Amino acid sequence: MKTTIYTTEQNPWYSFRPYEESDANRFKGRGTDITEMMRLITNHDLVVCYAKSGIGKSSLINAGLIPRLRRKQFLPIPIKFTDNLFVSEYREFETGIRHQIEAEILRLNEDYKSKGINAVFEIKPHPSIVESPFLNDVYGELSSNLWWWFHSSQIVCEREDFDIVYKPIFIFDQFEELFYKATSDEQKENFFSWLLEMSVSRPSNVVQKRLAEIQKQNPDIPISLPANSEPKILLSLREDYVGLLDYWTKQRVSIPAIHSNRYCLMPLDVEQATEVICQQEINGVRVELMDEYACNIIDTLAESDGIPAMLLSVLCNKIYEELVCQKSDTANKLSSFSSGNEDSVKPFIQSLLKSVYAERLTTANLSQRNIQKVEQALVRENGYRKRVEMTDMRSLHLENACRRLADVYLVRIEDHGFRNDGKERVEYVEIIHDRVAEIIAEKRKSEKQIFKKRKLWSIIFVLLLALAWLLYGTLSQEGTNLSFYEVVFVAQEDSLFAKEEFWIADVRFCSDKAGTDSIAMINLQSGDSVYSCRLKKGNQNELKFQLSDSTRMDFIYAIITPQMANTDYNTIPIDLSALRKELVNASIDIRMDIHGKD
């Protein structure tokens with residue numbers, strides 16, 4: 001009997017990455033959901049799919065629905081809420097949506113060409129429009145109006161032997177982005193008014209007005225529109241945004257179809273999860289490697305309503321990779337959870353997600369600074385994902401970082417075709433999954449807490465280093481009698497200390513008559529916070545700083561060199577290259593101006 005050799009490159013579970021259309025053969029466990037969604041879409045023009053985060057909405061749409069829709073001669077057109085889609089209070093988003101439609105058709109044609117398929121998609125005027133001299137004249141004039149465009153046009157796939165007319169279906173995945181990318185209520189209301197307009201057969205106001213003008217000019221000739229049905233529309237969003245959807249489509253713009261044609265995607269049940277684990281294939285051969293762990297995996301991840309698809313994919317991906325490498329660390333931990341140790345499951349899952357994220361960052365081999373910059377650009381303060389155009393990332397010198405993170409499936413890069421000038425491709429970047437964005441948001445929160453604790457000690461260290469430098473030179477000059485220094489601290493926007501605008505150090509020098517080994521007393525103040533420390537005599541080329549909070553940091557040492565003593569110390573640039581370990585490898589550029597006052 002031939003033994004199957006498994007490799008990590010063949011891993012059929014994609015961890016954080018949602019399944020794409022090309023992964024349809026590996027997408028398991030959702031047959032019933034796909035069938036039910038197809039029934040709704042076939043029978044209704046406007047359908048809503050909702051679920052909790054991590055249940056697998058995007059995978060269901062990409063790898064389950066879209067392949068089935070194509071076989072039924074539908075043309076799926078994914079629509080993304082990009083940051084520039086809502087740039088004004090007016091309905092300019094129609095132009096942005098039209099560009100996305102054209103980009104999708106261009107993508108399909110390029111894909112067919114690369115595969116050697118002799119077929120071309122085109123948007124053509126409906127035959128009845130061509131036959132009507134009056135409507136044909138205004139076809140281009142009204143084409144900026146999407147209602148007119150789709151009711152007067154056909155999307156045709158021209159083949160060698162015959163043509164196929166495809167019915168468009170707009171797919172708004174991550175529809176919840178509308179509620180924070182449309183920044184004003186007027187923008188949201190305009191969008192839902194447009195959505196209502198697109199879902200009914202009645203012509204829009206712009207089209208009605210123009211057709212009335214034509215009819216008035218030609219009263220003896222009846223003018224009728226083509227009998228094109230409305231384009232299909234699928235909205236997919238997180239369950240926690242359904243309330244907002246109801247508010248806007250009931251109380252602000254009434255769209256009854258949104259409330260009657262809904263599908264709630266539930267977590268996987270035991271049978272579905274078993275299919276996901278045990279029915280995967282590599283080169284047509286079923287993967288048996290995971291069979292003995294299936295029950296423990298399901299028991300570990302099972303929640304009251306089922307098994308989250310994304311967590312199942314992450315855990316299976318991790319165990320598969322370990323087993324291929326002759327390890328079973330993660331698999332062995334599962335037995336304790338299935339035996340009733342439920343209190344440890346949640347920390348285990350959180351630890352698993354964080355470790356997988358960290359491992360992929362290591363594989364990407366990026367600097368900590370670039371990782372933080374990408375995370376900052378792609379995750380909002382509230383922890384939600386942000387879709388950003390690649391040109392913006394390029395301006396931040398982060399394009400290469402984004403592409404390397406895309407290679408390890410931590411970000412997704414979407415190709416939206418060419419710009420209007422046809423010279424530059426439009427690409428958008430976003431974090432691969434909501435749960436990854438949550439990991440980043442939690443990581444950011446934790447880092448802020450760590451930075452907050454270390455920031456004070458780092459600032460004190462830098463200030464005392466500067467003061468020690470200045471003090472050594474000052475006390476070595478006869479006739480100097482400076483009793484107060486104001487230290488103004490300036491930090492770059494992305495530095496560790498950017499949250500504080502400035503710190504002031506009040507330095508009181510101690511005379512030799514005081515009979516103490518202290519050289520000066522220092523009070524550091526930022527806003528309402530005041531901290532104290534003492535400068536004490538040390539060895540010949542050393543000053544010792546004792547902080548008032550001795551439980552946190554007893555002493556800090558600063559070495560004063562003759563070169564420092566001979567430096568013009570009215571303005572002191574601080575070289576922090578030697579302090580990088582103390583400052584968590586942060587890249588910091590600091591200027592400290594020290595002004596002496598009598």
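None of these values were measured; they are calculated from a predicted model.
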Rounded distance (nearest 0.5 Å) linking atom CD1 of I413 with atom CG of L405: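 Output value for this atom pair is 9.0 Å.
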
Distance (rounded to the nearest 0.5 Å) between Y384 OH and I431 CD1: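 CD1 of I431 is found 15.5 Å from OH of Y384.
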
Pairs where residues 171-180 contributes a residue and the test salt bridge (Lys or Arg N to Asp or Glu O under 4.0 Å) is met, not counting sequence neighbours: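 Residue pairs with at least one partner in residues 171-180: E177-K181, E177-R387.
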
Qualifying salt bridge (Lys or Arg N to Asp or Glu O under 4.0 Å) pairs with a residue from residues 237-248, counting only residues at least two apart or across chains: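 Residue pairs passing salt bridge (Lys or Arg N to Asp or Glu O under 4.0 Å), neighbours aside: R238-D240, R238-D434, D246-R262.
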
Y263/D33 under side-chain hydrogen bond (donor to acceptor under 3.5 Å, both in side chains): CA gap, chis, key distance, verdict: CA-CA 9 Å; Y263 189 75; D33 299 293; 2.6 Å; yes

Close aromatic pair by centroid cut-off 6.0 Å: F93 and F191: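 Yes, the ring centres sit under 6.0 Å apart.
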
Check: Y409 ring centroid to F16 ring centroid under 6.0 Å: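 No, the ring of Y409 stays outside the 6.0 Å limit from the ring of F16, centre to centre.
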
Stepwise side-chain hydrogen bond (donor to acceptor under 3.5 Å, both in side chains) test for H126 and S153: CA-CA 5 Å; H126 193 278; S153 305; over 6 Å; no

Which atoms form the tightest heavy-atom contact between [X] and [Y], and what is the distance?
{"X": "R435", "Y": "Q350", "answer": "NH2-OE1, 3.8 Å"}
{"X": "F27", "Y": "I34", "answer": "CE2-CD1, 4.1 Å"}
{"X": "P267", "Y": "I55", "answer": "CG-CD1, 3.5 Å"}
{"X": "T35", "Y": "R68", "answer": "OG1-NH1, 4.1 Å"}
{"X": "A437", "Y": "V379", "answer": "O-CG1, 4.0 Å"}

Steps toward side-chain contact (heavy atoms from CB on, under 4.5 Å) verdict (F121, I155): CA-CA 7 Å; F121 280 93; I155 299 178; 4.1 Å; yes

Tell me if a side-chain donor or acceptor on [X] pairs with a main-chain N or O of [Y] at a distance below 3.5 Å.
{"X": "W194", "Y": "L146", "value": "no"}
{"X": "N43", "Y": "L40", "value": "no"}
{"X": "R385", "Y": "I432", "value": "yes"}
{"X": "H259", "Y": "T249", "value": "yes"}
{"X": "N317", "Y": "S313", "value": "no"}
{"X": "Q100", "Y": "K80", "value": "yes"}
{"X": "D23", "Y": "R26", "value": "no"}
{"X": "N370", "Y": "L366", "value": "no"}

Derivation of the ring-ring contact (aromatic ring centres under 6.0 Å, His included) call for F81 and Y428: CA-CA 11 Å; F81 289 115; Y428 283 88; over 10 Å; no

Any side-chain donor near an acceptor of the partner, N118 and E160, under 3.5 Å: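 The criterion, which ignores hydrogens and geometry beyond distance, is satisfied for E160 and N118.
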
Whether F175 and F192 hold their rings parallel, tilted or perpendicular, with breakpoints at 30° and 60°: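 Geometry flag for F192 against F175: perpendicular rings.
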
Sole residue of R71, R70, K72 in side-chain contact (heavy atoms from CB on, under 4.5 Å) with F74: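 Only one option passes, and that is K72.
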
Residue that, paired with I440, satisfies side-chain contact (heavy atoms from CB on, under 4.5 Å) out of E442, E438, R444: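 The side-chain contact (heavy atoms from CB on, under 4.5 Å) with I440 is passed solely by R444 among E442, E438, R444.
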
Steps toward salt bridge (Lys or Arg N to Asp or Glu O under 4.0 Å) verdict (E399, R403): CA-CA 6 Å; E399 180 180 3; R403 297 196 183 280; 2.9 Å; yes

